[in-house]
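Here the structure is laid out as structure tokens; the discussion comes afterwards.
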Amino acid sequence: MSLSFDGRVVLVTGAGGGLGREYALAFAARGASVVVNDLGADTKGGGKSSAAADKVVEEIRAKGGKAVANYDSVEDGEKLIQSALDAFGRIDIVVNNAGILRDRSFVRTSDLDWDLIHRVHLRGSFLVSRAAWNHMKNQNFGRIIMTASAAGIYGNFGQANYSAAKLGMLGLANTLAIEGRKYNIHCNTIAPIAGSRLTETVMPPDLVASLKPEYVAPLVLWLCHEQCQENGGLFEVGAGWIGKLRWERSQGRILRQKSKPMTPEGVRDQWKEICDFTNATKPTTIQESLASFVTVLSQVESGEVGANPAAAATSVASDAGINPTMAVGQKLPTSSFSYSHTQCILYALGVGMSTKDPDHLRFLYEGHPDFSCLPTFGVIPSQSSIMDGGLSSVPGLNIDFTRVLHGEQYLELYKPLPTSGELISEATVADVLDKGSGAVILLDVNTYSGKELLCYNQFSVFVVGAGGFGVKRNSDKAKPPLPPPNRAPDAVVIDSTTRDQAALYRLSGDWNPLHIDPSFAAMGGFKKPILHGLCSFGFAGRHVLKQFADNDPSRFKAIKVRFAKPVTPGQSLQTEMWKEGNRIHIQCKVKETGEVVLTGAYVDLHGTSEGSPEKLPQGGGLQSELVFAEIGRRIKDLGSELVKKVNAVFGWEITKDGKKAAQWTIDLKNGSGSLHKGPYTGKADVTITISDEDFMEVVKGNLMPQKVTHRRSFKLFHPFWKKYKKRKSLLMSFPDNMKSFLYSVIKAKAPSHL
Ligand code: NAI
């Protein structure tokens, strides 16, 4: 099918001769209505005549085409567009082509030489394009051509003014391409070469004759056609050849370390490497370009570019690429993560939980009888294996770490997460995929408490520009995102993030300055610091937990999300949920903009009948459980001190309805102290049997410890037992060290709401 311009209205500036004339004729021949603009000036911008434009209009009309003339200077941009509207009622296409030359060596360039060139080329293109913009925007179609020049791209002796203006037009086009994209306004730039009155003084006559303008026009027509989706491109065109240009950037070198300043000598010494284009990257957006700087800053900050500059060099600027055969199956260094209830609460606050909602208290208050860790906290221990820069140690993954993005996340829990612990994470490269525009690294991370597997994470890490190593695009190891059902959601929860949401969330361990520092964010192309993707993930996860699982973490089995767009702290998140059996599909949007930020997401729940995968084998439902958990935390903090002071092992048997329900041992004699749950192999200095209720009465301060001995449930086994027959005085008769300890734990630990 030939390309038709029926119904389109085209303005070609400077169309009285040379290239412009050729475009005007070609557009008209394919059905367009053309405004032939030309001031009729001489090549230096002097004089004025209507003859040039009139002649071309006549030519078009003679062939049955539609055209009108306009004799204004492009400096009167509005008037040119008005001509199009007056004659044809609309404007679809603008070809900024008018031009003059005032060549001089740089030092002889006068103010007028400089200003005239800029006024016609750069300012003229700006004014004409701006006058057309809203018309194009309103009709959701527009095509704009900027005419640059090889003189601007490469420089040319005697054309300082012209080169500057011509490359200025490329900068203008780059931004118009971005601003116009969503209105279907495309802006492209050409650097033509053709014989014309502008070139006849600099080119031999036979070359002027053979480089015909008609060898340039077809590119301009294609770029202006509605079928053409090219936007923001730069093309060299002439003699029947067309080529596209783009930027290339060397891998470069990081010359700064956290503890070592950057010096000019360092730059000198690495100059060759800085300028080496082996494995150069080709950034195409400012985000891509600046993301690398942000990553460098955080790499330097985290010490990843560390003590060993050679290691840094291989991680940042490797000259090998991706070698899947080498990389797949490789293990990253094991990472450990130690946490207490503080981290669980901090995380819950980080993902937007609040005491405003009474339901949230179980995740915010360590004294709550059902105090729990949010299931999505499961990403926190595992991310440290990646944050620590472990990926850079994997052979076969020589990637540019400045170009890594977090694409997707999958988390599966095998039991509810404890509210404190020492966890170990082991990460393995599960697969490496070639997506063309980049590589996807699938990283499987298993997190253990001791030998017990607690949870599994799969990170999908996208490395921009690292594709093309030529293996599979998909992997059966990937946990794919799933689209939601095609119907209205079953539930929608809208929740606001606070201005400080990212500032709070980062305290859970993702310290990337992109989320807190406005200047870092600006360098990444963001107006403000953005929220962590995993923070939105936490919001979505807890929305499902509340809506469909009654806030019971034991019902939360797995979650998958794909990060589609960033969220700004302070925006509201709208989680849409669809229930399909035990799978809840989710889609998360920013309420204010409607932009979808989490896609293909879902949460898998355990069915209610399945119950908790881990009902505590003993002690479940006992109130004293909570107190012992706190005793355990205190021992962790103060253990060594207590061992010195107390030097005893206490056994506790907690009864419920007259039956033994739990057994605890507080060891304040050995090592730095410890708390054991369940049967204890060592020897206790004293063993106390007490009912759960009485225990709590003491804790709440309703029952003096001395009085507890009157209670029926109370029994005490103690070496002094035989000596002190009177039960009443037994507790008082404890050696001082034990007594004060018991008092302090019992007294200090009363959660106020109990
Ligand atoms: P040309 O001189 O034949 O065409 C330029 C036209 O613009 C002239 O008809 C002139 O009267 C008109 N014009 C000048 N000032 C104007 C103003 N203020 N308002 C309206 N019209 C005005 O030259 P040619 O070669 O066809 O150039 C077309 C464009 O291509 C120019 O922008 C030029 O800089 C550019 N270019 C041409 C190259 C070539 O090899 N011919 C090389 C690189 C760029």
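Note that ligands are numbered from 1 as they come in the structure, with each ligand's atoms numbered from 1 the same way.
A salt bridge is defined here as a Lys NZ or Arg NE, NH1 or NH2 lying under 4.0 Å from an Asp or Glu carboxylate O, and K244 with E236 fails to meet this definition. Using a 4.0 Å cut-off between charged side-chain N and carboxylate O, E273 and R253 make no salt bridge.
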May I have the step-by-step check of side-chain hydrogen bond (donor to acceptor under 3.5 Å, both in side chains) for N279 and Q251, ending in yes or no? CA-CA 7 Å; N279 283 320; Q251 285 272 337; 5.8 Å; no

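Within the set N156, V74, L207, the minimum heavy-atom distance to atom 19 (N) of ligand 1 is found for V74. Here the shortest heavy-atom distance to atom 30 (O) of ligand 1, taken over V12, L211, I100, T147, belongs to T147.
The neighbour count for W247 CH2, taken as heavy atoms of other residues, nucleotides or ligands under 6.0 Å away, does not exceed 12. Heavy atoms from other residues, nucleotides or ligands lying under 6.0 Å from CZ of F277 number more than 12. By the neighbour-count criterion of 12 heavy atoms within 6.0 Å, atom CZ of R90 is densely surrounded, having more than that number from other residues, nucleotides or ligands.
Proximity of a side-chain donor or acceptor of S250 to a complementary backbone N or O of A280 within less than 3.5 Å is not detected. A distance-only check finds no donor-acceptor pair linking the side chain of D92 to the backbone of V10 [under 3.5 Å]. Side-chain N or O atoms of T147 include one that pairs as donor or acceptor with a backbone N or O of N96 at under 3.5 Å. In this structure, R143 contributes its side chain and I185 its backbone to no donor-acceptor pair below 3.5 Å.
Between R197 and ligand 1, at least one N/O pair is under 3.5 Å apart. Between L19 and ligand 1, a contact under 3.5 Å exists for at least one N or O pair. Between G99 and ligand 1, at least one N/O pair is under 3.5 Å apart. Below 3.5 Å of separation, one finds no N or O of V120 facing any N or O of ligand 1. For ligand 1, the polar-atom distance check against K166 finds a nitrogen or oxygen pair separated by under 3.5 Å.
The proximity of A52 to ligand 1, defined as any non-hydrogen pair under 4.0 Å, does not occur for either the backbone or the side chain. Only side-chain heavy atoms of N37 come within less than 4.0 Å of ligand 1; its backbone N, CA, C and O stay farther off.
The protein atom (non-hydrogen) at minimum distance from atom 9 (O) of ligand 1 is D38 OD2, 2.6 Å. Annotation: atom 31 (C) of ligand 1 to nearest protein heavy atom, N97 O, 3.1 Å. In terms of protein heavy atoms, atom 36 (N) of ligand 1 is closest to Y162 OH, 3.7 Å. The protein atom (non-hydrogen) at minimum distance from atom 25 (O) of ligand 1 is S196 OG, 2.4 Å. Scanning the protein heavy atoms around atom 40 (O) of ligand 1, the nearest turns out to be A194 N, 2.9 Å.
Judged by a 6.0 Å distance limit and a 45° cone about the ring axis, R8 is positioned over the six-membered ring of F141.
Atoms of ligand 1 lying under 4.0 Å from any heavy atom of S149, numbered from 1 in the order shown and given with element: 43 (C), 44 (C). Taking every heavy atom of A41 and a limit of under 4.0 angstrom, the matching atoms of ligand 1 come to 11 (O). Of all the atoms in ligand 1, the ones that sit under 4.0 Å from a non-hydrogen atom of G18 are 3 (O), 26 (O). Taking every heavy atom of I193 and a limit of under 4.0 angstrom, the matching atoms of ligand 1 come to 40 (O). The ligand atoms of ligand 1 that sit less than 4.0 angstrom from a heavy atom of T199 are 39 (C), 40 (O), 41 (N).
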